[in-house]
2 protein chains.
Amino acid sequence: MAPKRTTVRDLRRQNRSTLLSTLFFDGPLSRYELSRRSGLSAATVSNVTGELVDDGLVVEAGSVDSDGGRPRVLLRVNPAFGHVVGVDVGETGIKVELFDLSLTQLAAFDHALSPSSPAAVASLIASAVRDVVTSAGVDASTVLGVGIGVPGTVEQGATAVVHAPTIGWDGVRLEELVADASESAWPLYVENGAKTQGQAEMWFGAGRGARHVVIALIGSGVGAAVVTDGGVYRGATSSAGEWGHTTIMYGGRPCRCGALGCLEAYVGAEGILDRYRKARGRELPEGDEQSSVAALIEAAARSKTAARVLEETAGYLGAGIANLVNLFNPERIVLGGWAGLALGAHQLDRIVAATRAHALRHPYEQISIQLGRLGPDAVAVGAATLPVAALLDRAADPRKPTSPDLSVELGVPERSTRVF
Amino acid sequence: MAPKRTTVRDLRRQNRSTLLSTLFFDGPLSRYELSRRSGLSAATVSNVTGELVDDGLVVEAGSVDSDGGRPRVLLRVNPAFGHVVGVDVGETGIKVELFDLSLTQLAAFDHALSPSSPAAVASLIASAVRDVVTSAGVDASTVLGVGIGVPGTVEQGATAVVHAPTIGWDGVRLEELVADASESAWPLYVENGAKTQGQAEMWFGAGRGARHVVIALIGSGVGAAVVTDGGVYRGATSSAGEWGHTTIMYGGRPCRCGALGCLEAYVGAEGILDRYRKARGRELPEGDEQSSVAALIEAAARSKTAARVLEETAGYLGAGIANLVNLFNPERIVLGGWAGLALGAHQLDRIVAATRAHALRHPYEQISIQLGRLGPDAVAVGAATLPVAALLDRAADPRKPTSPDLSVELGVPERSTRVF
DNA sequence: AGACTAATTTTAAGTCGCAAACTAAGGTCC
DNA sequence: GGACCTTAGTTTGCGACTTAAAATTAGTCT
């Protein structure tokens, strides 16, 4: 409630952050160009970049002719300033990947995960992170933080609390568990996997350049990451964006969440296959969800039943997307997730048509609907962006608190929420 | 795209704004208390408030004993610093109200409005504003701005463009039309009526103190104002929050927007009455929508049909609210609009139960569902808050551009978007 | 009246960004 | 090859800002 005070020190912090972020996203730039883009005077740019270079965050990267004058010296974020780790906790396994600051992958580990206690998962995460760091020959002290994407909602507070019904977690203090299981005191960032995947699409995929985007993710379940004004929208307790459990057919099919008529019950892989099974009147061939959905799409070329199920799916999905369009008025919709990409590849026209039929004309005219561009590693990459976002936001090593006294006074360790 | 530069001047502006806003919302406060709340040093508070007093924005307001020391001098926003006008453009008439800076109503005019051209409406607005100002004996030069709430979406840009299908407006540049029809050059703020009403509930009604709120408005149509992080959410082109036209029953009742199964077709007054008509099998007695809905609610005590229609309505409405809960994860839902208040008064328990049935447990547990507290003037009051918000945001007379050169350079006149 | 307390104001110091002057590093022209 | 131009980046001097500490002000208590 207390409005945040603004001191003269925040100026510099903010300008550091602005310049560092610009360098990060828009590649090597000269000081001159930085001045032009940020509106800051050349003098200030010179000062601030000087500091950033002294701190090792930024390095010079060659120079470029300048139409008959002193050549411009290019600056860029130092990829070797530090490393970040992204963890994707899935329902059947965990992925751990190590990146440098430019999010170039240096090493990756996969671990199968049989259902086990949160503490066991936490200690697996801790040891896998340590392994991936040592296996890449990276000095542990250069790791700036570890981002963890989990399949459930994450309450951000003094410590992150995870609710993930699909893996039986309810109120798991994952951040504490992992910290206890680790020897190193790397900052941990726990976030919903759909949100980390969305962030990855924003930074490196189909969301680049836009400020209002909804990334719709369809796999076995259905979720969404809502980006408003360039930042992932979290709501009051970080569980915003539960698109899969919005009602699209009042009184309709039962959903695994217990309610009736959720979107997920119609367009989630499980829902699609179940509808196909019913329409077909007999069991599907054996196989996991991904291959069954692929088989369904392939069958649509010959089978009227399969084609009709897919058409209906496109209709439901379009209506669901239209709801997002009407409520959030984004400039772009990104359709992702393995099932979303599969459906999109064969039914995008139909999906778009159904969206148009259900959305209001004005917000509909603003959007473009695109397929996601990132592969199955997007959750881990997105998780790894979390410590990077903290770095860009503070323009300083995220491991050192800006002002220890203040954070004690506030009671809650400050954590970045803006990401872009 | 260009990140905003921050200069040392912005510091003072921001601190002025912080202190002025604190005084506005939290009533008379001493400098000492301001220092405590803002975190600013006593010296800065003294400096800044001194300026604000010199500028006439703030006045002293008595003093309070201080347990045996120098008494605290209370400060408050000067209600007489200026006046603001709120206009509610409805489908059947316009309301124009004049307020002082503390949003105390000084005068009000109502005009019936038969369907007429946008230009005619604009000139009626212009003359009604002039009339209400002169009739209250207020000096025209003290009017800080005019807020206009309209029944449609408003694209905010260089000039506001209104799309309001219910009154036949499509792409009306209302701001320009009103400016042309006025002699005075008061700043105009055009905004969707649901959003202004939501803002009124946030400042003075059931939304006070919360930062993530959805104000659901049910009248003849259905809309919502979504407040995220204390500010009204607008989306990419300001048409966010079109809750009424989200699909809740795929393939269901036709809606006046042309789509099938919109929430509005089920819980908007028109939709309710139409469903009642069909359930009853014969025409309803003559009467306008408001009295017909009142009659329906009254009939529910005796008539099973009427009771069932209301129950069903509560069910649909609860599912619609649950969608808002799942997507936005607010801390509070405010149910408003004349039909919303009428339904809420008699069916709140049922609505809450239906919401619980359709929402995910975690976000559901965060919310409280309340009835709106403001009456039919809320749209006009909310419209009048727009120039006040601009004043608080800039902590300076909103009629004078902060820096004319800069706004020319930017191409677009800066307009406040944060409101709280 | 004098001591004491607590709210403001004044003062001195340090930070910040900016405009203008200045330096660096290259090219062009003769 | 040297005078001169062009463009990039740095240094300098200045005004604006916040802060901590000291001073002042305005009451209460004995």
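Below, read A as the first sequence line, B as the second, and so on, with proteins coming before strands; counting in each chain starts at 1. Predicted, not measured: the structure shown is a model, and the values here were computed from it.
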Angle, rounded to 10°, between the helical axes spanning five pairs at each terminus of the helix from dA1(C)-dT30(D) to dC30(C)-dG1(D)? 20°
Between Arg13(B) (CZ) and dT18(D) (C1'), how many Å, whole number? 16 Å
Residues passing the side chain to side chain contact (heavy atoms under 4.5 Å, CB included) test with Arg9(B), sequence neighbours excluded, are Thr7(B)
Measuring from the side chain of Asn15(B) (C-beta onward, heavy atoms only), which nucleotide among dT18(D), dG9(D), dG27(D) has the closest atom? dT18(D)
Checking all strands, does Ser30(B) fall into the base, sugar-phosphate, or nothing category for heavy-atom contacts under 4.0 angstrom? sugar-phosphate
Contact under 4.0 Å: Arg12(A) side-chain N or O vs dG17(C) OP1/OP2: yes
Taking only residues two or more places apart in sequence or in another chain, which ones pass salt bridge (Lys or Arg N to Asp or Glu O under 4.0 Å) with Glu60(B)? Arg31(B)
To the nearest angstrom, the CG-P distance between Leu74(B) and dG27(D) comes to 13 Å
Donor-acceptor pair, side chain of Arg234(B) and main chain of Asn329(A), under 3.5 angstrom: no
Partners of Glu155(A) by salt bridge (Lys or Arg N to Asp or Glu O under 4.0 Å), sequence neighbours excluded? none
Dump the pairs, protein N or O against N or O of nucleotides 22-24 of chain D, anything under 3.5 Å, distances to one decimal.
none

Short side-chain N/O contact to dC16(C) OP1/OP2 from Arg9(B), under 4.0 Å: no
Between dA20(D) atom C1' and Leu40(B) atom CG, what is the distance in whole Å? 14 Å
Residues at least two apart in sequence or cross-chain that pass side chain to side chain contact (heavy atoms under 4.5 Å, CB included) with Thr44(A), listed by chain then number, are Leu40(A), Ser41(A), Val48(A)
Residue-phosphate contact under 4.0 Å: Arg72(A) side-chain N/O, dA8(D) OP1/OP2: yes
Can you name the ring-ring contact (aromatic ring centres under 6.0 Å, His included) partners of Tyr32(A), sequence neighbours left out? none
For Ala225(A), the side chain to side chain contact (heavy atoms under 4.5 Å, CB included) test, sequence neighbours excluded, returns Ile215(A)
Under the salt bridge (Lys or Arg N to Asp or Glu O under 4.0 Å) test, residues paired with Glu331(A) that sit two or more places apart: none
If you take any heavy atom closer than 4.0 Å to DNA chain D, which residues from residues 42-54 of chain A end up in contact? Ala42(A), Ala43(A), Ser46(A)
Respond yes when some side-chain nitrogen or oxygen of Thr7(B) is under 4.0 Å from OP1 or OP2 of dG17(C), and no when none is. no
Integer-rounded Å distance: dT10(C) C1' and Arg31(B) CZ: 14 Å
Assign the ring pair Phe25(B) / Trp203(B) to parallel, tilted or perpendicular, where the plane angle (0 to 90°) is split at 30° and 60°. perpendicular
Excluding sequence neighbours, so at least two apart, what forms side chain to side chain contact (heavy atoms under 4.5 Å, CB included) with Ser46(A)? none
Round to a whole Å and report the spacing from CZ of Arg16(A) to P of dT15(C). 15 Å
Length of the line joining Tyr32(B):OH and dA26(D):C1', which is rounded to integer Å: 16 Å
How many Å lie between CZ on Arg36(A) and C1' on dG9(D), as a whole number? 17 Å
Taking dC17(D), dA8(D), dT8(C) as options, the one with an atom nearest any side-chain atom of Leu11(B) is dC17(D)
Look at the side chain of Lys195(B) and the backbone N and O of Ser238(B), then say whether any donor-acceptor pair between them is shorter than 3.5 Å. yes
Return the value, rounded to whole Å, for the distance between atom CD of Gln14(B) and atom C1' of dT18(D). 13 Å
Acceptor/donor pairs from residues 74-85 of chain A side chains to any protein atom, 3.5 angstrom cut, sequence neighbours excluded:
| residue | atom | partner | partner atom | Å |
| --- | --- | --- | --- | --- |
| Asn78(A) | OD1 | Ala80(A) | N | 2.9 |
| Asn78(A) | ND2 | Gly56(A) | O | 3.1 |
| His83(A) | ND1 | Thr142(A) | OG1 | 2.8 |

